[in-house]
Amino acid sequence: MKHSRYLALGAAAALAVGLVACAPTAPEPGESSGTAGPSDETLSIGTTTDVVNFNPVLGNSRTDSWITNLMYPHLLSISDDGTKEAHVATDWGYVDDTTGFYEIRDDLTWSDGEPLTAEDVAWTLNAVKRDQAPGTFFGQLGNLDTATAVSDTRVELTLTQPDSSIVDEIGFWGVVVPQHVFEPQGSIAEFANDGSDGGWVGMGPFILSDFQVGQHYTLDRVEDYPLVDGGVPGPAEVVYRVYPDVNTEILALQSGEIDVIANALPPAQVEQLRSTDGLQVIEAAGLGYAHLVYNMDKPDLANALVRQALAHAVDYEAIRTVVLQGQAVSTGSSALMPVLAKYYDDSVTEYAFDPEESRSLMEEAGYVAGSDGTFPVSFRLIYSLQDSVTSQWAQMVKDSAAEAGITIELQGTERNTYLSMTSEGDYDIYAGNFAIMDDPVTNFALSYLPGGAINYTHVDDPELNALIEEGMVTFDEDEKIEIMREANKIVHEQVYDNIMYTQNLFFAASDEWAGFISKPSELLSIVNPLSLASAHPVE
């Protein structure tokens with residue numbers, strides 16, 4: 001078993017934002033009186049971060065993805081339950097256990113007029129693999145040997161070993177870039193693609209034309225975009241404007257300075273904006289979760305009884321009610337969430353908030369409380385100060401643990417510091433979340449195999465490893481489901497991951513625009529390429 005495919009996926013943490021469980025309720029197409037089709041209007045969108053990387057195979061931040069997704073296509077899209085949908089690829093699957101394939105559309109061209117072909121797809125895959133371009137895309141390629149264009153519209157993947165998830169995962173996470181533009185630049189991992197060599201060439205509904213760091217990113221409409229109804233995107237241009245925080249974005253939306261907020265709304269703001277004249281609030285489905293992870297490299301936390309005690313010292317329902325305003329649901333403390341309906345196992349239930357049970361488990365683990373009822377051990381919990389929701393519930397975790405005699409010290413830091421501490425294992429408890437955890441086998445490999453990029457527990461459980469590895473090479477869906485359910489029971493019983501909730505995400509926009517198409521997570525939401533290309537002003 002090769003674990004190398006997971007080592008480059010630290011980017012998954014950078015993409016982690018808000019999470020959702022329920023199906024989206026996008027605005028009905030007939031609700032507004034607007035007419036779909038091209039207009040002369042500019043659609044302005046608020047973001048709180050600048051672009052770090054214009055090279056789409058490297059970009060890790062949300063704004064990186066929001067901008068580059070409008071210029072560079074993915075082979076597959078995604079539905080609300082995590083299943084993959086056609087995009088550039090019209091058909092995909094396996095010829096045999098070690099050969100995958102994609103059939104792609106034959107009517108797509110790059111913005112300079114060159115056709116997009118299977119050669120572009122194969123070259124992109126091979127170049128990212130060859131140059132080890134750090135990011136989520138490269139992390140999916142561990143079991144890829146080579147990609148070959150066997151015709152203008154068909155790419156075949158030769159795998160080093162059976163991998164029942166790789167075709168879907170490459171199709172969704174990977175992008176396609178123009179070979180004739182990127183190949184002359186040398187290493188795909190070192191090409192800045194910042195427009196300094198004459199501008200950008202892409203195949204999306206919009207192309208970046210101008211930007212000023214800290215201010216704006218302007219993208220012009222592409223006049224021929226077959227993936228949207230009518231073939232021409234609605235807005236004449238899309239402008240991302242940079243604001244210091246979501247509250248400033250909300251003020252800009254209310255004043256008409258912007259038309260959309262790309263970031264998910266804070267839960268406390270949802271109802272207020274829903275009832276604000278001139279605005280619409282749109283819900284997006286999600287495929288991720290918020291969680292607490294206990295670092296097993298720390299001697300106290302290597303004891304399963306201590307992890308179980310900590311799991312029973314969290315008031316999950318209070319967190320979902322008070323902090324999330326009821327806009328989140330329980331997963332049953334399960335890494336196989338209800339939204340992944342085929343895999344979900346309702347026999348796995350949420351850890352009960354029970355301070356007395358927590359005390360009993362600590363005592364069983366050999367700890368003796370002092371005269372004040374507090375055990376002689378404390379745990380340092382890290383979280384990002386930029387994550388307002390986690391910042392709130394971290395305090396609630398500290399308070400409820402104190403009821404069980406367990407001391408938790410909070411350490412909130414600036415996001416980049418928090419991510420650095422996470423990668424270095426500098427924590428006892430990690431509090432965070434992930435945006436899209438779409439494939440159970442890949443997600444478990446990332447989270448629980450040795451070397452997995454988001455294995456924040458630092459777990460190495462032979463029985464669990466064997467089940468995950470078996471799931472990777474199992475192509476029969478029913479068999480795979482049973483294997484992953486068994487793996488999930490181990491994660492739950494041993495508290496290798498304490499899944500708190502999945503959060504319903506909501507996004508605000510001016511009601512002077514219609515046609516948005518909601519996709520799962522904050523990463524896609526209503527700012528995905530199809531949605532922005534379909535948006536049109538209301539007349």
Side-chain angles (χ1 to χ4, degrees), residues 289-326 328-338 345-383 389-412 427-433 456-459 461 488-503:
Y289 48 71
H291 64 166
L292 288 168
V293 178
Y294 311 113
N295 186 349
M296 287 174 52
D297 284 347
K298 309 294 183 178
D300 294 303
L301 293 168
N303 188 330
L305 293 171
V306 175
R307 300 194 301 275
Q308 291 165 1
L310 286 164
H312 285 292
V314 178
D315 192 339
Y316 306 96
E317 187 58 33
I319 287 171
R320 292 190 292 265
T321 301
V322 175
V323 179
L324 280 303
Q325 305 276 305
V329 296
S330 172
T331 72
S333 297
S334 170
L336 296 178
M337 299 170 296
D345 179 0
D346 61 11
S347 71
V348 176
T349 57
E350 184 167 87
Y351 303 120
F353 172 49
D354 188 341
E356 290 308 311
E357 173 67 10
S358 184
R359 283 184 177 276
S360 296
L361 288 163
M362 289 295 289
E363 291 167 354
E364 187 179 347
Y367 298 86
V368 178
S371 58
D372 63 352
T374 302
F375 294 101
V377 63
S378 66
F379 302 99
R380 180 168 52 92
L381 185 156
I382 69 168
Y383 62 94
V389 172
T390 303
S391 297
Q392 293 178 65
W393 61 249
Q395 182 63 52
M396 295 181 69
V397 170
K398 175 181 178 176
D399 294 344
S400 62
E403 295 182 42
I406 300 174
T407 300
I408 290 179
E409 300 172 356
L410 300 181
Q411 185 175 2
Y427 56 89
D428 296 322
I429 306 174
Y430 159 92
N433 50 63
Y456 297 151
T457 301
H458 300 154
V459 57
D461 182 321
N488 188 52
K489 288 176 181 176
I490 294 174
V491 171
H492 183 269
E493 291 165 2
Q494 295 297 316
V495 196
Y496 291 144
D497 213 346
N498 185 355
I499 314 299
M500 308 278 287
Y501 58 80
T502 61
Q503 179 186 350

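Every heavy atom of this structure was used, including side-chain atoms; hydrogens, water molecules and symmetry mates were not. Note that this is a predicted model, so its numbers are computed, not measured.
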Worked check of side chain to side chain contact (heavy atoms under 4.5 Å, CB included) between Val323 and Met396: CA-CA 9 Å; Val323 179; Met396 295 181 69; 3.4 Å; yes

Heavy-atom check, side chain of Ile319 versus side chain of Val314, under 4.5 Å: yes

Side-chain heavy-atom pair Asp315, Glu317 within 4.5 angstrom cut-off: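 In contact.
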
Has the side chain of [X] got a donor or acceptor atom that lies under 3.5 Å from a matching backbone atom of [Y]?
X	Y	result
Arg307	Ala302	yes
Ser358	Ala309	yes
Ser400	Ala313	yes
Gln308	Glu493	yes
Tyr427	Tyr456	yes
Asp428	Leu381	no

For His492, ring-ring contact (aromatic ring centres under 6.0 Å, His included) partners two or more places apart: Tyr351

Identify the heavy atoms of [X] and [Y] that sit nearest to each other, and give their distance.
X	Y	result
Ala394	Leu410	O-CD2, 3.6 Å
Val348	Ser333	CG1-O, 4.4 Å
Met500	Arg320	O-NH1, 3.1 Å

How many angstroms lie between [atom1] in [X] and [atom2] in [Y], if you round to the nearest 0.5 Å?
X	Y	atom1	atom2	result
Lys398	Ile406	NZ	CD1	14.0 Å
Ile499	Leu292	CD1	CG	9.5 Å
Ile429	Glu409	CD1	CD	10.0 Å
Arg359	Glu403	CZ	CD	9.5 Å
Tyr294	Thr457	OH	OG1	9.5 Å
Ser378	Ile408	OG	CD1	9.5 Å

Using distance only, find each side-chain donor-acceptor pair of residues 364-376 under 3.5 Å and give its atom names and separation, not counting sequence neighbours.
from, atom 1, to, atom 2, distance (Å)
Tyr367, OH, Asp300, OD1, 2.5
Asp372, OD1, Thr374, N, 3.0

Single hit among Asp497, Thr331, Asn433 for side chain to side chain donor-acceptor pair (under 3.5 Å) with His291: Asp497

Among side-chain atoms of [X] and [Y], is any donor-acceptor pair under 3.5 angstrom?
X	Y	result
Asp461	Tyr496	yes
Asp354	His312	no
Ser330	Glu350	yes
Asn498	Tyr316	yes

Worked verdict on Val306 versus Val495 for side chain to side chain contact (heavy atoms under 4.5 Å, CB included): CA-CA 10 Å; Val306 175; Val495 196; over 6 Å; no

Sequence-distant partners of Asp297, side chain to side chain contact (heavy atoms under 4.5 Å, CB included), two or more places apart: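 In terms of side chain to side chain contact (heavy atoms under 4.5 Å, CB included), with neighbours along the sequence ignored, Asp297 is linked to Asn295, His458.
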
